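Please read the structure below before turning to the comments.
In the text below, chain A, chain B and the rest are named by the order of the sequence lines, each starting its count at 1. All of these numbers come straight from a predicted model, not from anything done at the bench.
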Amino acid sequence: MSDIVSEQIKKQITENDIVLYMKGTAVFPQCGFSASVIQILDLLGVEYKDIDILPEPELREGIKAFTEWPTIPQLYVKGEFVGGCDIIREMYQNGELQTLMQDNGIKINVDAA
Amino acid sequence: MSVQQEIEEILQKRFNPSFLKVTNDSHKHRGHAGDNGTGSSHFSALVVSDEFEGLNLVKRQQEVYKALGDYMKDIIHALALKTMTDLEYNKIKNAL
């Protein structure tokens, strides 16, 4: 992974509270796993930055190396990697994701709490 | 040996699981993005092992990915994972 890509990722995850590296965009997800995480974030009612890795092959490989995680989507909250689709789903179901957001000072939809 | 069997064998050796189930879900993703036409692109796995004790979900999955190495890069497009310790698994079983 080039330094430029690694710096780009560091910048993205520090400048935004919640970042989702995904295939497609929040409006048009190109993969069921990415769509599933978008759905959860929307249920929580949080603001997030969606980053489409499909048009950027260097970022696509870069984020995998950066996180040491071989698959997309990848969710970052306050600069920390939280998980891929399975983990996010599980954390949402048992309420851990809601707690994590609130612990980080991120306001979530009360119905989802 | 099928890819599914190869995954099973690798996980069996690495985690000595008390319960292991690998399923090939590729047919459900036929024609979707990531379908490479081999019929061995999408899998799901439940791994129950005390090797996961004390590790958070991210670390557990990183261990699984590490064990599978190049399989994740070259062959498997998606692997839906559930990783549990014996205790966690028994709790869920009893709740059913």
Shared hydrophobic cluster for [X] and [Y] (ILVMFWY, side-chain gaps under 4.5 Å):
X: A:I38; Y: A:I108; result: yes
X: B:L20; Y: B:Y71; result: yes
X: A:V77; Y: A:I9; result: yes
X: B:L55; Y: B:V58; result: no
X: A:F33; Y: A:L54; result: no

Qualifying residues under ring-ring contact (aromatic ring centres under 6.0 Å, His included), relative to B:F52, sequence neighbours excluded: B:F15
Point-to-point distance, once rounded to the nearest 0.5 Å, from CG of B:N56 to CD of A:E96: 9.5 Å
Distance in Å, A:E90 CD paired with B:T83 OG1, rounded so as to fall on 0.5 Å steps: 7.0 Å
Might you confirm whether atom [atom1] of [X] has over 12 heavy atoms from other residues, nucleotides or ligands at distances under 6.0 Å?
X: B:Q5; atom1: CD; answer: yes
X: A:D3; atom1: CG; answer: no
X: A:Q39; atom1: CD; answer: no

Residue selection (most heavy-atom pairs with chain A, distance under 4.5 Å) from B:K66, B:K73, B:R60, B:M72: B:M72
Chain B-proximal positions within [range] [heavy-atom distance under 4.5 Å]:
range: residues 79-88 of chain A; answer: A:F81, A:V82, A:G83, A:D86, A:I87
range: residues 63-73 of chain A; answer: A:T67, A:E68, A:W69, A:P70, A:T71
range: residues 12-24 of chain A; answer: A:K23

Proximal component of B:L68, with respect to chain A [non-hydrogen, under 4.5 Å]: neither
